[in-house]
Amino acid sequence: QVQLVESGGGLVQAGGSLRLSCTASGIIFSIRTMRWYCQAPGKQRELVATITSGGSTNYGDSVKGRFTISRDNAKNTVYLQMNNLKPEDTAVYYCYMPLGVNEYWGQGTQVTVSS
C-alpha cells in the first residue's frame, strides 16, 4: 500500500555528482522521518543520512560535507544530493521510512563511481 520509488542512480566519474530521489506513495498521514542507506556487495547496510519530520538532518562521517539530504513535502519526496563522489561511494542506495510499527524501503538504486 505504501511504496517508496527511487530514481537517480547511475555511473559517474570520481568528483562528479548525482541526485537521488525517493518518492513515497500510498497512505501517509504526516511528515515522516526518512533516511538514506547504502549497501556495497558483501558489506553491511550503512546509514548515510537522515532527515527528521522537523527538518533536521544528520550524516554519516564519510559523507559529511559532500552529501545533502532534503525533502519536498508537497511531493512526498526526499532527495540525496551527492557531490564530489568517490569510488568508495559505489553501492546500492536505499531510502527508508519508518511509519508507526511498520517500515518501508525503496527498491534500491545503483550508484557507481569510476576511478
Side-chain angles (χ1 to χ4, degrees):
Q1 196 169 29
V2 174
Q3 291 186 318
L4 305 180
V5 179
E6 301 179 33
S7 63
L11 175 64
V12 66
Q13 287 185 302
S17 297
L18 288 171
R19 190 177 75 158
L20 308 184
S21 299
C22 174
T23 299
S25 63
I27 302 174
I28 302 171
F29 299 105
S30 63
I31 300 170
R32 313 302 308 178
T33 292
M34 298 189 76
R35 309 184 195 273
W36 285 98
Y37 288 80
C38 68
Q39 187 167 27
K43 299 292 186 180
Q44 196 80 27
R45 190 168 296 187
E46 297 183 354
L47 179 62
V48 175
T50 298
I51 185 163
T52 71
S53 59
S56 62
T57 59
N58 203 6
Y59 300 92
D61 288 342
S62 66
V63 307
K64 286 180 179 177
R66 300 189 298 121
F67 292 7
T68 303
I69 188 171
S70 62
R71 66 195 306 159
D72 185 337
N73 291 331
K75 296 180 179 179
N76 283 335
T77 298
V78 63
Y79 303 96
L80 186 67
Q81 179 66 46
M82 310 167 71
N83 296 327
N84 192 24
L85 282 160
K86 303 176 180 179
E88 306 90 81
D89 298 319
T90 295
V92 178
Y93 285 74
Y94 299 89
C95 63
Y96 167 85
M97 182 183 70
L99 182 60
V101 300
N102 302 119
E103 59 183 20
Y104 298 94
W105 292 90
Q107 82 278 11
T109 185
Q110 177 71 48
V111 171
T112 302
V113 184
S114 62
S115 301

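The first residue in the sequence is number 1, and the count goes up from there.
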So disulfide (SG to SG under 2.5 Å) across residues 59-90, not counting sequence neighbours, yields none
Hey, does Asn102 have a side-chain heavy atom less than 4.5 Å from the side chain of Val2?
no
Taken to the nearest 0.5 Å, the spacing of Ile51 CD1 from Met34 CE works out to 9.5 Å
Ala91 and Ala40 have their tightest heavy-atom pair at CB-N, 3.9 Å
Value for CG (Asn76) from CZ (Arg32), rounded to nearest 0.5 Å, stands at 11.5 Å
The reported gap from CD in Glu88 to OG in Ser115 (rounded to nearest 0.5 angstrom) is 8.0 Å
Hits for side chain to side chain donor-acceptor pair (under 3.5 Å) against Arg45, two or more places apart or cross-chain, chain-then-number order -> Gln39
Rounded to the nearest 0.5 Å, the SG atom of Cys22 sits from the CE atom of Met97 at a distance of 8.0 Å
Besides Val92, the hydrophobic cluster formed by Ile, Leu, Val, Met, Phe, Trp and Tyr side chains linked at under 4.5 Å, directly or via other members, contains Tyr37, Leu47, Tyr94, Tyr96, Trp105
Sorted by chain and residue number, the salt bridge (charged side-chain N to carboxylate O under 4.0 Å, His left out) partners of Arg66 (sequence neighbours excluded) come out as Asp89
Checklist line | Gln107 CD: over 12 foreign heavy atoms closer than 6.0 Å | finding: yes
Going by heavy atoms in the side chains, are Gln110 and Thr90 under 4.5 Å from each other? yes
List the atom pairs, donor and acceptor, that lie under 3.5 Å between side-chain atoms in residues 52-61 and the rest of the protein, sequence neighbours left out.
| unit_1 | atom_1 | unit_2 | atom_2 | d |
| --- | --- | --- | --- | --- |
| Thr52 | OG1 | Gly54 | N | 3.2 |
| Thr52 | OG1 | Gly55 | N | 3.3 |
| Thr52 | OG1 | Ser56 | N | 3.2 |
| Thr52 | OG1 | Ser56 | OG | 2.8 |
| Tyr59 | OH | Ile69 | N | 2.9 |
| Asp61 | OD1 | Lys64 | NZ | 3.1 |

**Report entry** Student check: side-chain heavy atoms of Val111 and Val113 closer than 4.5 Å
**Finding:** yes
Donor-acceptor pairs under 3.5 angstrom involving side-chain atoms of residues 4-18: please list them, not counting sequence neighbours.
| unit_1 | atom_1 | unit_2 | atom_2 | d |
| --- | --- | --- | --- | --- |
| Glu6 | OE1 | Thr109 | N | 3.3 |
| Glu6 | OE2 | Cys95 | N | 2.9 |
| Glu6 | OE2 | Gly108 | N | 3.2 |
| Ser17 | OG | Asn83 | OD1 | 2.9 |

CE of Met82 to SG of Cys38, rounded to nearest 0.5 Å, is 8.0 Å
Separation between CG (Asp72) and OH (Tyr79), nearest 0.5 Å, reads 5.0 Å
Is it true that Thr77 and Thr23 share a donor-acceptor pair across their side chains at a distance under 3.5 Å?
yes
